[in-house]
**Student:** 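This is the structure, below, for whatever I ask next.
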Amino acid sequence: MTQELRNEVEDLLNRYVQCIDDDELESWPEFFTDSCLYRIIPRENEEVGLPAAVMWGDSKGMLVDRVVALRNANVYQVQWYRHIISNPCIRSESDGAISVQSNYAVFKTCNNGESEVYNVGKYVDLIVRDSGVLKFKERSAIFDTHKITTLMVIPI
Amino acid sequence: MTSSNRMKWPENADHTAVPYYVFHDQDIYNREQDKIYNGPAWHFVALEAELLKLGSFKSTYIGDTPVVVTRGQDNEIYAWVNRCAHRGAEVCRHRHGVSEDGTFTCVYHQWTYDAKGDLRGVPFQRGLAGKGGYPKDFDKTQHGLRKVKVVSYCGAIFGTFSDATPDIETYMGEDVSLFFKRIMNRPVEVLGTTRQYIKGNWKFYAENSKDPYHASLLHLFHATFGLYRSSQEGATLINNDFHTVLWAKSGNEDEAALEDVRKDKLRTYQEGTYTLNDPSLLAGQQEFEDGISLVILTLFPSLVLQQIQNTLAVRQILPKGKDEFELVWTYFGYTDDSEELRNIRLKQFNLIGPAGLISMEDGESTELCHKAIVSDGDRTNVILMSGSDTQSEGHLVTESAVRGLWKGYRKMMEL
Ligand code: FES
Ligand SMILES: [Fe+2]
């Protein structure tokens with residue numbers, strides 16, 4: 001794999017979390033291909049092959065609907081995420097797709113000003129080139145922090 | 001008011017006006033552990049489908065008490081307190097798993113128990129080279145783990161510490177057991193677990209899950225896309241004061257009621273404002289002949305069993321001190337589900353759980369209440385929607401089930 005491609009992948013990972021942390025969620029679905037798989041799933045389910053996830057979308061449309069609901073329907077207190085990502089392990093697959101695994105930690109800050117370690121886990125991704133740009137064909141956030149405090153409304 | 005006074009319900013309070021201190025008082029919490037969690041109540045602890053293999057086990061709680069549910073080598077279900085009879089160490093240190101030989105060994109001094117909780121082995125019982133050892137009259141049968149009485153009902157396992165607990169169907173009551181059997185009508189398959197940790201007293205959630213009043217007003221997603229509205233055909237069923245069934249049929253709108261909703265100009269009523277980009281989320285299957293699309297069944301104090309569209313789940317309410325509780329969601333389908341139906345369920349799980357489009361706010365509302373009442377302990381709330389009765393009603397515009405909760409709670413707590 002060329003260094004150039006490697007940089008491009010890392011750039012995708014970085015732009016993704018900045019989009020969420022900067023509250024530009026309307027652009028968030030654009031990181032995915034039209035038909036995709038996005039999951040936030042507890043490690044305890046993933047490891048024993050149980051499929052239930054806390055968020056699960058198999059189309060870009062479903063991700064758009066999440067954002068519309070978050071903006072217009074769901075009730076929750078003001079909150080911000082800060083993602084820290086690290087240790088990306090990038091591998092080319094034979095069919096041209098790229099599989100990536102990386103670690104993440106999400107800190108959540110609410111109006112009281114306290115930042116808590118909200119959700120920690122790993123991303124497991126399948127990235128493809130779609131009209132010239134790298135996009136997530138699959139992105140799973142598999143989390144260790146199986147105790148979700150209060151609720152989860154913003155995607156990871 | 002001192003805390004000892006709080007062991008009597010104040011003059012001005014009844015099941016329509018509950019003093020806020022019940023959510024914040026440590027003595028009340030301690031009494032709940034005694035009267036409710038160790039009292040004559042059945043507590044949901046597991047689905048049988050979580051314990052399929054011989055030797056499988058699951059760690060959970062009844063109130064503050066850690067318990068382990070097991071399937072013994074004889075295929076029977078057992079439960080015991082997860083506290084070594086020797087010096088009190090936690091015996092089982094895993095959330096779930098399978099013990100191949102069906103035994104459980106405490107790591108501290110390796111006392112070994114079987115799936116029933118009976119003590120099987122004690123290291124150095126006769127001492128070493130004539131030194132030490134237990135007295136001759138040491139009787140292993142007297143040092144087992146504290147047993148929990150269990151019953152398996154339609155694939156769900158309940159435990160109790162009290163000999164005074166009535167049989168499970170009597171405890172539930174007629175409507176509740178009917179709806180219980182409606183959902184648990186054939187073998188189920190567990191699809192996963194999620195856990196939500198909420199900073200509020202557990203009784204706020206007990207109220208919340210018996211409260212059809214809030215459902216269309218707090219959960220805007222619900223109302224906007226027509227999944228549930230208070231104007232829909234439905235009912236509020238109450239058995240033995242604090243066990244309840246709320247059911248509704250989506251699409252069956254009472255036109256007069258709908259007109260009243262429009263007149264109220266609620267923020268929840270946004271008909272036609274939003275359409276789903278991907279309508280497959282709500283394109284479910286009618287899998288019950290009665291056409292009921294929503295059932296929220298509560299069995300006080302620890303269980304909610306639900307069907308929302310094609311999602312099926314149990315929610316276990318676990319108090320963690322007076323100020324916090326954990327809500328454990330176990331999602332399931334039926335073992336004979338088609339692949340298509342299974343995928344519908346997986347997709348619709350977006351509606352429920354900690355990130356559920358129509359359920360996440362219950363964590364929020366619980367915390368809102370808990371925060372706001374901290375210093376106003378002696379004041380009371382107001383629970384008067386649809387009068388002051390605690391009877392079943394043929395509609396959902398009522399708080400009768402919340403009143404029933406407090407009526408039953410008071411009785412059980414002897415307040
Ligand atoms: S505390 Fe369990 S063996 Fe000693
Ligand atoms: Fe709710």
Side-chain angles (χ1 to χ4, degrees), chain A residues 29 32 34-79 110-112 114 116 118-119 141 143-156, chain B residues 95-97 189-200 218-225 267-268 270 273-281 311 313 324 326-327 329-333 342-343 345-350 352-368:
Chain A
F32 294 84
D34 287 344
S35 145
C36 58
L37 182 65
Y38 173 68
R39 304 183 304 152
I40 306 177
I41 185 168
R43 179 178 184 160
E44 64 175 318
N45 290 352
E46 182 75 5
E47 282 187 348
V48 294
L50 295 177
V54 292
M55 283 192 201
W56 194 93
D58 64 355
S59 71
K60 193 190 278 184
M62 277 189 81
L63 307 185
V64 172
D65 292 334
R66 261 285 165 190
V67 177
V68 173
L70 170 160
R71 295 287 192 219
N72 303 291
N74 294 132
V75 179
Y76 53 94
Q77 66 171 317
V78 178
Q79 51 188 270
C110 294
N111 260 341
N112 67 2
E114 280 170 33
E116 62 167 305
Y118 173 62
N119 196 274
F143 60 93
D144 306 337
T145 319
H146 58 256
K147 196 183 203 178
I148 294 177
T149 48
T150 316
L151 55 78
M152 182 179 285
V153 60
I154 302 172
I156 301 279
Chain B
R95 273 201 305 262
H96 44 72
E189 178 195 11
V190 172
L191 298 173
T193 300
T194 62
R195 299 160 199 270
Q196 195 170 356
Y197 203 85
I198 298 167
K199 295 182 184 109
L218 174 69
H219 304 302
L220 185 55
F221 186 92
H222 227 165
T224 304
F225 296 99
R267 76 184 163 89
T268 44
Q270 310 186 56
T273 315
Y274 304 108
T275 47
L276 288 173
N277 242 279
D278 185 343
S280 70
L281 174 65
T311 69
E324 294 175 357
E326 187 175 353
L327 192 61
W329 299 73
T330 305
Y331 308 78
F332 61 90
R342 192 171 188 261
N343 286 335
R345 296 199 205 285
L346 292 183
K347 189 170 273 199
Q348 290 190 350
F349 288 153
N350 277 298
I352 63 169
L357 291 162
I358 56 172
S359 70
M360 66 170 86
E361 289 92 0
D362 293 325
E364 191 78 17
S365 66
T366 302
E367 293 192 359
L368 283 178

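Naming convention: chains lettered A, B, ... in sequence-line order (proteins, then strands); numbering from 1 in each chain. Everything numeric here is computed off the predicted structure, so don't read it as measured data.
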**Student:** Enter the distance from A:Thr149:OG1 to B:Glu324:CD here, rounded to the nearest 0.5 Å.
**Tutor:** 10.0 Å
**Student:** Under the criterion side chain to side chain contact (heavy atoms under 4.5 Å, CB included), which of B:Leu281, B:Leu276, B:Asn277 is the partner of A:Met62?
**Tutor:** B:Leu281
**Student:** Under a 4.5 Å heavy-atom cut-off, does chain B meet the side chain of A:Val54, its backbone, both or neither?
**Tutor:** both
**Student:** I'd like to verify something: which residue of B:Leu346, B:Val190, B:Thr366 has the highest number of heavy-atom pairs under 4.5 Å with chain A?
**Tutor:** B:Leu346
**Student:** Please identify, among A:Met55, A:Glu46, A:Glu44, the residue contributing the most non-hydrogen atom pairs under 4.5 Å to chain B.
**Tutor:** A:Glu44
**Student:** Specify the closest pair of heavy atoms between A:Asp65 and B:Thr275, including all atoms of both residues, with the distance to one decimal.
**Tutor:** OD1-O, 4.3 Å
**Student:** Under the side-chain contact (heavy atoms from CB on, under 4.5 Å) rule, collect the residues that match up with A:Asn45, sequence neighbours excluded.
**Tutor:** A:Ile41, A:Pro42, A:Leu50, A:Ala52, B:Thr193
**Student:** If every non-hydrogen atom of A:Ala73 is compared with every non-hydrogen atom of B:Leu220, which pair is closest and at what distance?
**Tutor:** O-CB, 3.2 Å
**Student:** Check whether any side-chain heavy atom of B:Thr194 lies under 4.5 Å from a side-chain heavy atom of A:Ile148, and answer yes or no.
**Tutor:** no
**Student:** Indicate the atoms forming the closest heavy-atom contact of B:Met360 with A:Met152, along with that distance.
**Tutor:** CE-O, 3.8 Å
**Student:** State, to 0.1 Å, how close B:Leu357 and A:Asn74 come at their nearest heavy-atom pair, and which atoms those are.
**Tutor:** O-ND2, 3.0 Å
**Student:** Taking all non-hydrogen atoms of both residues into account, name the closest pair between A:Gln77 and B:Glu364 and its distance.
**Tutor:** N-OE2, 2.9 Å
**Student:** Using a 4.5 Å cut-off on heavy atoms from C-beta on, say whether the side chain of B:Glu361 contacts that of A:Leu151.
**Tutor:** no
**Student:** For A:Arg66, enumerate each residue passing the side-chain hydrogen bond (donor to acceptor under 3.5 Å, both in side chains) test, keeping only those at least two apart in sequence or located in another chain.
**Tutor:** B:Asn350
**Student:** Heavy-atom distance under 4.5 Å to chain A: side chain of B:Arg345, backbone, both or neither?
**Tutor:** neither
**Student:** Looking at every non-hydrogen atom in both residues, tell me the closest pair between B:Asp278 and A:Asp58 and how far apart they are.
**Tutor:** OD2-OD1, 4.2 Å
